[in-house]
Amino acid sequence: AHHQHYSEFRYPFIKKASSFSSSLSSSGGGDHTYDYIVVGGGTAGCPLAATLSQKFNVLLLERGGMPFGNANISLLENFHITLTDTSSTSASQYFISTDGVLNSRARVLGGGTCINAGFYTRASTRFINKVGWDLKLVNNSYSWVEKQIVHRPKVAPWQVVVRDSLLDLGVSPFNGFTYDHIYGTKFGGTIFDRFGRRHTAAELLASADPHKLTVLVHATVQKVLFDTSGKRPKAAGVLFKDENGNQHRAFLSNSRSEVILSCGAIGTPQMLLLSGVGPKAELEEMKISVILNNKFVGQGMADNPLNTVFVPSKKAVKQSLIQTVGITKMGVYIEASSGFGQSKDSIQCHHGMLSAEIGQLSTIPPKQRTPEAIQAYIRRKKDIPHEAFRGGFILEKISNPISTGKLKLNNTNVEDNPSVTFNYFKHPHDLQRCVDGIRMATKMVQSEHFTNFTQCDKQTTDKILNMSVLANVNLIPKHTNDTKSLEQFCKDTVLSIWHYHGGCHVGKVVDREHKVLGVHRLRIVDGSVFDESPGTNPQATILMMGRYMGLKILRDRLGKAAGV
């Protein structure tokens, strides 16, 4: 209860959706209009709403609940529990792409920052230049986020071993602790503090003007409402449901006002489609009235393929999520996690971010990762010796996949997942890079840094090899000189590291200012506009983008008077 009071005191403007007084019968009186309505209180939506509230009345609508005082969100050692919770009230909504890879999207105030592995690192200057952002404002916006929620990690022993083996393999120089995206090996920041407590985007709401911001939780937006009387459709407001299932409407107050979608790379294309913006034939098939025909909505969906190798250890290993990253010149990022297997919590033996419970059944090819397979594993696990869970993972992520897919609606219920296809490894260049990455991971595991640390001799390794098949984790492939078998390994063991993006690309769905093409007063601020995932891990840039776009909008609207 103490947490409740603390957050009510600190965030008095966060209310339940049912407290909103407009019902559909009322005409939406003058007091219920807003300068900005932000849909989605996530990684981008929280900093965006906080920033806009410095000068304007803002309504932030979040479908999920509060993150404060929830130990499964707050504590590092419970990181995997939210992801394994597939109930309808979970902070994580799981979805399965048509490729067969299990994935997650956030359903909580704070968004992905509440359910991720915490790693914080900036985008490359190349990325910032490519999207055409103002570098000075970008750096100010990153700093604004960093001062409030980012920490320097206490580097775990496993992460040091990863660093040393990367340096030996020529992923150099060692760049120490830095947020910057530069070739070589480094330690990055984290949103976990030194007590292992998570600090999320929701905390950025503390810098809002409490008199100008209203945040509603359990407010599930059904669609954007348009005024179609003019030559071009104009966003007029939104229709949303509260936690009791009652419908409400919220409206924009004047011609300069905007609805801004920050529902993420799955939620935003889905919301546009449900609102009648998208490919005409698909909308008509769903009996959605067409506001604007745009064949590009939902196109260009991408997810960086992740492949992993489990490194068994003879002794218990301290828990760590991602701290070290190797930024290679071959389009591959190497990261690591460790020590989750031995914790004695609700899931007796698990592997943290690579647990079979969260569908990361990487020893089973994607199409065969069924709910039954997961249940069978959970039953079998009770008989697997503890040693099979000691150790950690080397993670290998493709930096800029060329393969893309698409998103389309399964039905018109916003609470259901749309159908998403990522086409992992469809392009041969992506597959080639995975092969290179796995070869590199293999060399790391065989380096003396690892063998000294894990103290596993050949005999132990063979024993663990047999156990690890049951534990659903991959050890290094046996035939690393055989490219064909490595290609198969990549395809069969592909996972997601949750960095999916696209669906509302710049020049196709939005302009450079992220205004939706062909309609007025509608903008998008989230990862759906990206055609590559920024940095080695995207959260820093999406947090920054919320702040950056907020400042840009204020400056464009107020000029010098913005004072920001």
Side-chain angles (χ1 to χ4, degrees), residues 17 19-41 44-45 48-49 52-53 55-63 212-216 219-242 246-263 267-278 280 283-284 286-294 297 409 412 414 504 509-511 513-526 528-529 549-550 553-554 556-557:
S19 69
F20 193 78
S21 60
S22 102
S23 69
L24 277 181
S25 55
S26 80
S27 60
D31 57 342
H32 270 301
T33 64
Y34 300 87
D35 292 302
Y36 293 98
I37 297 173
V38 178
V39 182
L48 175 66
L52 291 171
S53 77
K55 301 284 172 187
F56 293 101
N57 285 320
V58 180
L59 176 65
L60 175 61
L61 299 168
E62 167 51 48
R63 65 187 186 137
K212 289 201 176 74
L213 176 63
T214 303
V215 178
L216 297 181
T220 306
V221 174
Q222 312 291 304
K223 62 177 180 179
V224 178
L225 302 169
F226 287 96
D227 167 357
T228 53
S229 61
K231 213 164 124 184
R232 264 184 166 195
K234 299 195 276 278
V238 296
L239 176 70
F240 69 94
K241 251 191 188 138
D242 66 23
N246 297 321
Q247 305 251 27
H248 304 271
R249 288 185 300 188
F251 293 100
L252 295 175
S253 53
N254 61 55
S255 64
R256 311 252 346 235
S257 303
E258 290 180 326
V259 172
I260 304 175
L261 301 180
S262 299
C263 313
T268 290
Q270 180 184 24
M271 189 62 66
L272 280 182
L273 294 167
L274 290 172
S275 307
V277 176
K280 188 165 181 272
L283 297 173
E284 285 170 346
M286 290 283 159
K287 305 195 172 19
I288 296 169
S289 57
V290 180
I291 297 287
L292 179 80
N293 176 21
N294 182 341
V297 175
L409 296 177
T412 54
V414 70
C504 298
V509 178
V510 296
D511 66 12
E513 262 68 62
H514 296 183
K515 292 177 179 172
V516 176
L517 299 164
V519 300
H520 290 302
R521 305 203 298 216
L522 183 61
R523 208 185 286 246
I524 296 176
V525 179
D526 63 27
S528 67
V529 303
M549 290 305 296
I553 291 168
L554 292 181
D556 291 349
R557 200 167 157 179

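One is the number of the first residue; the rest follow in order along the sequence.
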Q. Roughly how far apart are T214 OG1 and Y34 OH, rounded to 0.5 Å?
A. 4.5 Å

Q.
Show, in sequence, the C-alpha distance, side-chain angles and deciding distance for F226 and L292, and conclude whether the side-chain contact (heavy atoms from CB on, under 4.5 Å) test is met.
A. CA-CA 11 Å; F226 287 96; L292 179 80; over 6 Å; no

Q) Any idea which heavy atoms bring S275 and I291 closest together, and the distance? A) O-CG1, 3.3 Å

Q. Checking S262 side chain against V525 main chain: does a donor-acceptor pair fall under 3.5 Å?
A. yes

Q.
How close do Q222 and Q247 get, counting heavy atoms only, and between which atoms?
A. CG-OE1, 3.8 Å

Q. Run the side-chain contact (heavy atoms from CB on, under 4.5 Å) check on L409 and Q270 step by step: do they pass?
A. CA-CA 7 Å; L409 296 177; Q270 180 184 24; 3.9 Å; yes

Q: Kindly determine whether D35 and L52 satisfy side-chain contact (heavy atoms from CB on, under 4.5 Å), including the steps that lead there.
A: CA-CA 9 Å; D35 292 302; L52 291 171; over 6 Å; no

Q. Do V290 and E284 pass the side-chain contact (heavy atoms from CB on, under 4.5 Å) test, and can you show the C-alpha distance, the side-chain angles, and the key distance before you say yes or no?
A. CA-CA 7 Å; V290 180; E284 285 170 346; 4.1 Å; yes

Q) Is R256 close enough and on-axis enough to F56, meaning under 6.0 Å and within 45°, for cation-pi? A) no

Q. At what distance, to the nearest 0.5 angstrom, does NZ of K212 lie from NZ of K55?
A. 7.5 Å

Q | Non-hydrogen atoms of G278 and L273 that approach each other most closely | A | CA-CD2, 3.9 Å

(Q) So which atom in L216 and which in F240 form the shortest heavy-atom distance, rounded to 0.1 Å? (A) CD1-CZ, 3.8 Å

Q) side chain to side chain contact (heavy atoms under 4.5 Å, CB included) with R521: which of V516, I37, L252, V259? A) L252

Q.
Please report the interatomic distance CG(L59) to OG1(T33), rounded to the nearest 0.5 Å.
A. 10.5 Å

Q: Measure the CD-NE2 distance between E258 and H520 for me, rounded to the nearest 0.5 Å.
A: 11.5 Å

Q.
So which atom in L272 and which in C504 form the shortest heavy-atom distance, rounded to 0.1 Å?
A. CD1-SG, 3.8 Å

Q. Minimum heavy-atom separation for S53 to V58, with atom names?
A. N-CG2, 3.7 Å

Q) Do the non-hydrogen side-chain atoms of V519 and V224 ever get within less than 4.5 Å of each other? A) no

**Q.** Backbone of I524 reached by a side-chain donor or acceptor of H514 within 3.5 Å
**A.** yes

Q) Between atom CG of D242 and atom CZ of F20, what is the distance when rounded to the nearest 0.5 Å? A) 10.5 Å

Q.
T268: which residues meet the side chain to side chain donor-acceptor pair (under 3.5 Å) condition with it, sequence neighbours left out?
A. D526

Q: Please round to the nearest 0.5 Å and tell me the distance separating atom CG of L61 and atom CG of L261.
A: 11.0 Å

